[in-house]
Each structure stands twice: as structure tokens, then as C-alpha cells.
Amino acid sequence: MEIAVVGTQSFTLGFQLAGVTRILNPPNEEEMQQDLRQLLNDKEVGIVVIDAADLLKMPDRLRIQLSDSISPTFLGIGTEQDNTLREQIKSAIGVDLWK
Amino acid sequence: MALDIKPTRSELINLKRRIKQTQNGYNLLKLKRDGLFYEFRILLSEMIEAKQALVNTFIEAKQAINLASSIEGGLAVKSAAIAIAQSPEVEVSRHNIMGVVVPKVEGRYLSQTLEERGLGLIGGSPYLDEAADSYGTLIESIVKAAEMESTLKRLLVEIEATKRRVNALEFKVIPEMQEAQSFIQLRLEEMEREETFRLKRFKNK
């Protein structure tokens with residue numbers, strides 16, 4: 001299975017340098033949503049890396065779909081920590097254990 | 001609440017057996033919930049560390065690529081990126097934690113050596129190598145974090161479902177069955193009293 005990276009060129013360039021070939025540079029938010037929806041059903045992709053800032057811009061429904069997906073796993077990375085999993089834990093267990 | 005049950009002795013025996021079975025199931029589910037929660041807590045502390053490490057590695061990698069771009073030029077970095085020969089791959093297998101099937105992600109060619117990268121000594125530069133190495137390390141952290149994140153998500157779903165089942169058994173199913181049991185017992189006692197009274201009246205005549 002492949003690793004896919006979605007984001008701006010400055011975000012994906014480093015991954016390309018590390019050998020990742022499945023690079024997607026959508027020019028706007030609509031196309032990014034479309035690309036992410038396609039990746040959700042792609043059986044060849046194991047992990048999708050996305051800029052955490054871009055992930056926050058996505059509609060709530062899509063964000064929930066992405067965070068619920070296991071294969072592929074969508075991982076938001078950025079200079080700030082992504083709090084989606086923390087929120088999921090809070091709603092499922094009722095206590096904030098992320099401390 | 002209207003009880004739609006036949007107040008017979010056989011129904012009472014059946015109900016007692018079902019209550020016992022349900023209580024056994026309830027105890028087992030409680031053990032499963034606690035076990036899952038224990039696994040979850042262990043993984044969560046590892047995940048918190050992994051996420052923090054991921055942020056730090058990303059910052060370092062970003063600095064390395066920015067340095068390479070500013071020294072070598074954006075075009076040189078892009079052409080080097082296109083020339084990379086080997087691409088990282090992930091293998092997803094499955095393993096079991098207390099009945100929950102969780103993915104196990106293993107990576108291949110995540111961080112590459114100078115030869116594997118295929119740029120050659122003349123084509124590359126120390127800054128490009130440094131950036132590629134940093135991103136290789138970042139991809140290793142990503143694979144680790146992705147495995148943990150999907151495991152945690154699956155465990156969370158299972159914990160939530162088990163918690164609901166335990167609560168339903170504890171607060172709805174078992175109390176209703178116990179209520180039905182006491183209703184049958186009362187009804188049978190009453191029927192017995194009626195029968196004794198009828199016999200007494202019959203004897204007096």
C-alpha cells in the first residue's frame with residue numbers, strides 16, 4: 001500500500017524528496033474535498049498525510065468521515081497538535097484522558 | 001408497566017435460568033470493558049508521546065527543507081524530488097486485542113540511504129540529503145502514529161459499544177427480568193392462597 005500526501009506544494013515537497021509518489025496538490029478547497037473523498041475509497045492507499053490546517057478547513061461531515069476511516073488512516077500533521085482524536089476520546093469515554 | 005407474561009411455574013423456572021445467564025453475560029462484558037479500557041490507557045500514553053514527537057520531527061523536517069530550498073534553490077529541490085528512485089510502502093496486517101481486530105502497519109523503504117535514493121554523489125547535496133533524511137524520519141513517525149491512531153479509534157468504538165451493552169443489561173434488561181420474576185412469584189403465591197381458601201370453603205359445606 002502507498003502513502004499519499006495532500007496539500008500545498010510547499011507541504012508536499014519534502015515528502016516527495018523522501019520518495020512519496022502519490023502527491024496531490026489541489027488548487028482550492030473544493031478540489032481538496034473531492035481528492036479526499038476519492039482517497040477514502042482507495043484500497044491502494046494505507047496512510048494519507050494532510051496538513052492539519054487544511055484539515056480544519058474541511059466541512060465537519062467530511063472531517064468526521066476522515067477521522068473515522070481506518071484504511072486509509074488520515075493523519076493531520078502540522079506545527080500544532082491535531083485535537084480530533086482528543087475530542088473523540090472525550091465524547092466516547094466522557095473524560096478528557098489526553099493529559 | 002404492563003407485564004405480558006404467563007404466571008406459571010415453568011415460566012418462573014425459565015426466567016430464573018435466563019436471569020442467571022444474563023448476569024453471567026453482564027459480568028463477562030464488564031470484564032471485557034475493563035480489559036479494553038486497560039489496553040486503551042496503555043496505548044493512549046504511548047500515542048501522546050508519539051504525537052508530540054511527530055510535531056517535533058515535522059518542525060525539524062520543515063526547517064531542513066526550507067534550508068535546502070534557500071541554499072540549493074527551489075528548482076534543484078524539485079528536480080531531486082522527481083529523481084528519487086525508491087518510494088516508501090506500507091503493509092497493513094491485522095491482529096487481535098480482546099476480540100477487536102486492529103491494524104498493524106509495517107513500513108518498507110521509509111528512510112533511505114544515499115545509494116537507495118538514487119541521486120548520486122554529484123546530483124545531490126548535503127542539504128538535500130539532510131532534508132530527505134529528516135523527511136524519512138518523519139515518515140517513520142507517521143507510520144507509527146497512524147497505526148496507533150487507528151488502533152485507538154477501533155478500541156474507542158468497541159469500548160463505547162461494550163459500555164452501552166453493559167448499561168443496557170444493568171439498568172434495563174436485568175431489572176425488567178427481575179420485575180417479571182417477582183410478578184410471577186406473587187401471582188403464584190396468590191393462586192396458592194386462593195386454592196387453599198377454595199378448599200377450606202369446600203370442606204365446610
Side-chain angles (χ1 to χ4, degrees), chain A residues 1-5 7-23 25 43-53 64-99, chain B residues 37 40-41 44 47-48 51-52 54-55 58-59 61-62 64-66 68-69 74 77-78 80-82 84-92 102-103 105 107 109-112 116-117 128 131-139 141-143 145-147 149-150 152-154 156-157 159-160 163:
Chain A
M1 284 172 142
E2 287 177 295
I3 297 174
V5 184
T8 56
Q9 278 205 335
S10 63
F11 178 75
T12 58
L13 183 63
F15 290 98
Q16 223 173 335
L17 193 63
V20 179
T21 47
R22 195 70 178 267
I23 302 284
N25 300 124
K43 301 280 172 216
E44 288 298 305
V45 178
I47 299 169
V48 179
V49 184
I50 177 170
D51 194 339
I64 291 167
Q65 274 182 315
L66 300 181
S67 74
D68 285 346
S69 165
I70 286 164
S71 182
T73 301
F74 287 77
L75 199 71
I77 61 163
T79 45
E80 291 295 316
Q81 262 195 35
D82 167 34
N83 280 333
T84 350
L85 188 63
R86 188 176 189 164
E87 293 303 321
Q88 273 182 319
I89 293 169
K90 243 196 250 181
S91 71
I93 295 178
V95 190
D96 185 12
L97 295 171
W98 196 281
K99 281 172 188 170
Chain B
F37 199 70
F40 179 81
R41 285 301 299 259
L44 184 66
M47 181 70 193
I48 293 169
K51 274 266 181 178
Q52 192 53 54
L54 188 68
V55 172
F58 179 67
I59 293 168
K62 201 85 187 129
I65 193 92
N66 287 344
S69 293
V77 180
K78 276 179 197 164
I82 292 164
I84 301 291
Q86 194 76 266
S87 63
E89 285 170 18
V90 284
E91 273 303 316
V92 182
V102 293
V105 187
Y109 318 118
L110 299 182
S111 49
Q112 298 155 3
E116 282 170 342
R117 220 169 278 142
L128 282 175
D133 282 342
S134 306
Y135 269 90
T137 319
L138 178 64
I139 290 174
S141 310
I142 285 171
V143 169
E147 181 190 314
E149 192 161 327
S150 40
L152 279 178
K153 278 179 193 166
R154 288 218 168 183
L156 262 184
V157 170
I159 287 173
E160 212 177 346
K163 211 170 77 178

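Proximity to chain A (any heavy atom under 4.5 Å) is shown, for B/I142, by both the backbone and the side chain. Looking at A/I23, there are no atoms closer than 4.5 Å to chain B (heavy atoms on both sides), in backbone or side chain. For a residue to count as touching a neighbouring chain, one of its non-hydrogen atoms must lie under 4.5 Å from one of that chain's; by this rule B/S134 does not touch chain A. Heavy-atom distances place the backbone of A/F74, and not its side chain, under 4.5 Å from chain B. Of the two parts of A/V20, the backbone and the side chain both hold a non-hydrogen atom closer than 4.5 Å to a non-hydrogen atom of chain B. Both the backbone and the side chain of B/A146 come within less than 4.5 Å of a heavy atom in chain A.
Between B/F37 and B/F40, the ring-plane angle classifies as parallel under the 30° and 60° cut-offs. Between B/F58 and A/F11, the angle of the ring planes lies from 30° to 60°, which puts this pair in the tilted group.
Note on B/L152, B/I65, B/V105: by heavy-atom pairs under 4.5 Å with chain A, the leading option is B/I65. Counting heavy-atom pairs closer than 4.5 Å to chain A, the top residue among B/L156, B/V157, B/L138, B/I59 is B/L156.
Of all heavy-atom pairs between A/E2 and A/T21, the closest is OE2-OG1, 3.8 Å.
Side-chain contact check for B/N66 versus B/K62: some heavy-atom pair is nearer than 4.5 Å. Between A/V48 and A/V5, every side-chain heavy-atom pair lies at or beyond the 4.5 Å cut-off.
Listed for the A/S69 side chain is no donor-acceptor partner under 3.5 Å among the backbone atoms of A/Q65.
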